[in-house]
Each structure stands twice: as C-alpha cells, then as structure tokens.
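Right, one structure below, let's go through it.
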Amino acid sequence: MSATSLLPADAADAVLVGRLFDSETGGPVLVTLHEETLVEATGAAPTLSQLLELPDPVAALSRVSDARTWDLAAVVEASRRNGEGRETAPVLLAPCDLQAVKACGVTFARSMIERVIEERAKGDLSLAASIRGEIAEVIGGALTDVVAGSEKAAEVKRILQERGYWSQYLEVGIGPDAEVFTKAPVLASVGWGSEIGILPSSEWNNPEPEVVLAVNSRGEIRGATLGNDVNLRDVEGRSALLLGKAKDNNASSAIGPFVRLFDDRFTLNDVRAAELTLTVEGAEDGYRLDGHSSMREISRDPADLVSQALGRHHQYPDGMMLYLGTLFAPVEDRDAPGKGFTHKVGDRVSIASPRLGRLENTVVHTDKAQPWRSGITELMRYLAGRGLLGRGA
C-alpha cells in the first residue's frame with residue numbers, strides 16, 4: 001500500500017495539518033503536507049489549538065518557510081510499526097493536541113435503534129436478534145424522516161411511550177437535546193497506524209466510523225478529519241451509566257490522519273455530504289467486514305451538534321474535537337449464528353472518505369495498548385526546546 005493511500009483523493013487541493021513525533025526534541029510537532037512531504041508548521045502556530053484560533057489558519061500555513069521536512073513515505077512506514085523502535089521514530093500522532101475530545105451519540109436513526117436493542121438486551125448479544133425483530137414492527141424505518149426536537153418527533157415520542165417502547169436512546173435521538181459526552185482526555189487520542197483498544201472482558205463491541213470536527217474556542221468549525229469512536233456494546237448495554245467505561249479506555253479514541261482545513265474548496269457542506277466506508281480484516285481468521293456510514297442520513301445538523309456541545313455553559317478555551325456519530329451498527333454474525341459481530345485482537349480497521357483520507361488502526365486489548373504518552377509535560381518540553389513558550393503556548 002502506497003504512502004499516499006491515507007490522503008484525500010484530491011490531496012493536491014487540500015490544506016492538511018497534523019502532528020508528528022519529533023525524535024530530535026522528544027515531543028510532538030505541528031506539520032502540514034506539501035505534495036508528499038511533511039513540513040514543520042510551528043512557524044504558523046506552535047499547536048493545532050492555537051492555529052485554529054487564528055483569523056485565517058489556511059493563510060498562516062501558506063506563509064511557512066525555511067522549515068524542517070520529513071518524507072511522507074518514511075513516516076508512514078514508521079507509523080505502521082508497533083513495538084520496538086516506534087517511540088523514537090518520526091510517526092504520525094492524532095492531529096489534535098490541547099482540544100477537549102467530545103462526542104455525540106445516537107445521531108442516526110438506524111444506529112439509534114441498535115442502541116435501543118442494546119438497552120433491552122442488557123448487554124447480552126444473544127438476545128439482540130429476537131429483540132430486533134420484536135421492535136421492527138413498532139419502530140422500523142419510521143424514524144428516519146423525523147427531525148430531532150420537532151413537533152412530529154414529540155408525537156412519535158408520545159406514541160412510543162404509549163406502546164411501552166420509549167427509551168433513553170430515543171430521547172436523545174429525536175428529542176430536543178443531543179447526547180454529548182467526553183470521549184477521551186486531552187492528548188489521549190491515538191493517530192494513524194497506532195493500536196486501538198477494547199476491554200479484554202468485552203464480548204460485544206465494534207468500531208464506529210465517524211467524521212470529527214475541529215472547532216476553536218469560539219465555536220467556529222475550522223476543519224474535519226476521521227475518527228474511530230470504539231464502542232463496547234455489552235458494557236453500555238448493561239447500563240447507560242457505564243458510558244464512561246464503554247467509551248473512555250486506553251487507545252479507545254483514534255483520530256486522523258490529518259485535519260483538512262475549510263477553504264473555498266472544502267466546506268461544512270462537504271462534511272454534510274460525506275460518505276464513509278469501513279473495512280475490518282481479521283489477522284488470524286481471514287474475516288472481512290465492510291461497512292458504510294453516510295452523513296446525509298444524520299438526524300441533527302453538524303452545526304447544531306457543535307452549538308449543543310460548546311456554548312456559554314460549556315466553554316473550551318483550547319477548542320474541541322467533536323465526533324459526530326455514526327450510521328454504522330453491525331448485525332452480521334462473525335462466529336456462531338446469533339452472536340453478531342465483535343472484534344478480535346489483531347483486527348485491522350480502516351475508515352475512509354474521499355475528501356478526508358484514510359484512518360487505519362490495529363485492535364489490541366486495552367491493557368496492552370500503547371496510547372501516545374506525549375502529555376502536557378512532553379508538549380511543554382518540546383515547545384521550550386523550540387523557543388515557542390514565549391508566544392503564548
């Protein structure tokens with residue numbers, strides 16, 4: 001697979017920015033892509049967070065000159081390696097740095113129904129098929145054209161309550177308030193090529209291919225990238241109060257490979273029309289799963305989700321990365337009939353979209369995962385070594 005396979009199809013017209021581990025200083029460095037070369041972008045801003053605060057991030061990147069460079073092919077090759085040597089090589093990191101990492105759930109009608117099934121199954125995947133058939137007659141596809149928070153949504157809620165099918169997932173799916181939660185701590189997300197983690201105790205889990213928005217402290221959406229909001233269906237299914245245990249674990253947030261900044265060739269309307277594909281390839285059993293998520297079917301507009309996640313009552317001085325949710329909820333059996341899909345160690349997960357590129361990661365258990373260790377100490381050490389602390393970092 002070529003190094004350019006992780007790039008958007010129109011990479012020549014895209015303004016891409018990300019982060020790279022700088023082996024010289026032992027910390028992360030902001031980079032942008034020029035053809036097949038990664039160019040240090042700290043001349044524009046020391047962090048992605050600060051870059052997105054600028055009046056015109058795209059213009060700031062265009063003025064970068066006399067900067068260090070890295071060959072994209074060499075970085076991609078190093079990023080594919082897990083284990084010995086990876087921590088000292090120039091590898092891709094998650095493109096975000098000081099931003100809060102937030103996520104919206106139950107934003108697609110089809111996946112909303114799967115959340116209802118999880119709730120009713122109470123984490124027992126063997127019950128999922130029968131429950132799916134049980135509620136299909138009542139819910140079916142009737143919710144796909146319901147606008148969340150509308151009068152029609154209120155009427156649907158009333159009918160479902162009368163029939164005993166109302167759920168907390170339907171409340172956030174079609175009610176006035178979106179589900180917004182914290183996906184990962186600052187600097188805990190992993191990037192392209194890294195391992196992603198699932199709990200060893202989980203027997204029902206799946207990847208979640210999503211668009212992730214890059215938002216500054218003023219709530220301005222400055223770009224987008226791809227994400228894997230790893231989901232433990234059996235854990236959350238036992239109780240919604242276990243959402244933190246289901247969602248926030250070692251290496252459970254993958255983002256990348258690059259943030260594509262908005263300009264006159266790529267806007268929020270392109271995000272609204274984005275089509276995502278997912279491929280899971282088993283390392284030992286030869287299994288393959290192909291999935292799809294279409295942003296055209298989202299029940300809430302991305303701008304509305306941003307306004308619900310960040311505002312007067314939820315302020316993030318360094319901005320946020322916001323997962324927008326997914327249409328994808330696998331029901332195919334991987335092993336025994338009726339057992340559905342679940343990950344196995346070694347699964348290679350690939351999430352792609354033509355305008356955003358391709359995010360690839362390998363599944364391991366969370367106690368074996370190696371989440372990137374560049375916390376605030378490493379970041380500040382890097383900035384000090386580059387003489388950037390005096391610029392407000």
Side-chain angles (χ1 to χ4, degrees), residues 3-4 6-25 27-76 90-99 187 191-192 212-225 255-268 270-271 316-321 355-357 374 379-393:
T4 57
L6 75 164
L7 302 178
D10 59 339
D13 295 325
V15 181
L16 302 175
V17 61
R19 290 195 311 143
L20 178 79
F21 175 70
D22 177 23
S23 54
E24 290 185 14
T25 58
V29 57
L30 196 68
V31 293
T32 188
L33 185 72
H34 290 175
E35 296 181 348
E36 295 188 25
T37 301
L38 294 171
V39 179
E40 182 176 3
T42 49
T47 64
L48 179 68
S49 172
Q50 288 194 329
L51 178 70
L52 301 185
E53 294 294 322
L54 299 177
D56 191 343
V58 173
L61 286 177
S62 70
R63 293 191 292 268
V64 171
S65 61
D66 299 324
R68 292 183 300 158
T69 62
W70 294 264
D71 177 64
L72 176 65
V75 171
V76 168
V91 297
L92 291 172
L93 308 175
C96 51
D97 40 50
L98 301 182
Q99 294 93 339
L187 288 166
W192 189 96
V212 182
L213 296 180
V215 185
N216 67 16
S217 66
R218 300 182 294 275
E220 298 167 337
I221 308 170
R222 290 304 184 85
T225 184
I255 299 176
F258 302 101
V259 170
R260 181 167 185 172
L261 297 181
F262 287 168
D263 57 13
D264 57 355
R265 290 168 292 198
F266 181 73
T267 69
L268 186 59
D270 292 295
V271 170
Y316 302 104
D318 296 299
M320 69 175 180
M321 304 296 291
R355 306 298 300 279
L356 293 173
S374 60
L379 178 60
M380 299 301 281
R381 182 177 65 181
Y382 170 76
L383 294 175
R386 301 295 296 168
L388 297 171
L389 283 180
R391 289 160 57 177

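Hydrogens, waters and symmetry mates are skipped; everything else that's a heavy atom, side chains included, is used.
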Check your understanding: When you measure from the side chain of Thr32 to the backbone N and O of Leu16, does any donor-acceptor pair fall under 3.5 Å?
Key -> yes
Exercise for review: Side-chain contact test, heavy atoms from C-beta onward, threshold under 4.5 Å: evaluate it for Leu356 versus Phe266 and give yes or no.
Suggested key: yes
**Study point:** Check: Val259 and Met321 side chains under 4.5 Å, non-hydrogen atoms
**Key:** yes
Practice item. Compare every heavy atom of Trp70 with every heavy atom of Pro90, then report the nearest pair and how far apart it is. Key: CB-CD1, 4.0 Å
Revision key, fill the gap. Tested for salt bridge (Lys or Arg N to Asp or Glu O under 4.0 Å) against Asp270, the lone hit among Arg260, Arg265, Arg355 is Arg355
Point to revise | Shortest non-hydrogen contact between Leu61 and Leu261, atoms and distance | key: CD1-CD1, 3.7 Å
Point to revise | Short side-chain to backbone donor-acceptor contact, Asp97 and Ser49, under 3.5 Å | key: yes
Point to revise | Glu40 side chain to Val29 backbone, donor-acceptor under 3.5 Å | key: no
Check your understanding: For Cys96, does its backbone N or O pair with a side-chain atom of Arg19 as donor and acceptor, under 3.5 Å?
Key -> yes
**Study point:** Under 3.5 Å: donor-acceptor pair, side chain of Thr4, backbone of Leu7
**Key:** no
Review point. So, the side chain of Asp10 versus the backbone of Asp13: is there a donor-acceptor pair under 3.5 Å, distance only?
Key: no
Study note, to complete from the structure: To the nearest 0.5 Å, atom OG1 of Thr225 lies from atom CG of Leu213 at 10.0 Å
Revision key, fill the gap. In terms of heavy-atom contacts, Pro95 and Gly256 come closest through CD-CA, 3.8 Å
Practice item. For Thr69 and Val39, indicate whether the former's side chain and the latter's backbone hold a donor-acceptor pair under 3.5 Å. Key: no
Review point. Is it true that Arg63 and Asp56 make a salt bridge, defined as a side-chain N closer than 4.0 Å to a carboxylate O?
Key: no
Review point. Any idea which heavy atoms bring Arg68 and Glu24 closest together, and the distance?
Key: NH1-OE1, 3.2 Å
Point to revise | Residues, nucleotides or ligands: over 12 heavy atoms within 6.0 Å of Glu220 CD | key: yes
Check your understanding: Are Leu92 and Leu6 close enough that some pair of their side-chain heavy atoms sits under 4.5 Å apart?
Key -> yes
Exercise for review: Please name the pair of heavy atoms, one in Pro46 and one in Leu30, separated by the smallest distance, quoted to 0.1 Å.
Suggested key: O-CB, 4.4 Å
Exercise for review: Could you pull out the closest heavy-atom pair between Gln99 and Met320, with the gap in Å?
Suggested key: CB-CA, 3.7 Å
Practice item. Quick one: pull up CG in Leu48 and CD in Glu53 and give me the separation to the nearest 0.5 Å. Key: 10.0 Å
Review point. Between Arg222 and Leu52, is there a donor-acceptor pair closer than 3.5 Å when you use the side chain of the first and the backbone of the second?
Key: yes
Review point. Side-chain contact, heavy-atom cut-off 4.5 Å: Leu38 with Phe258?
Key: yes
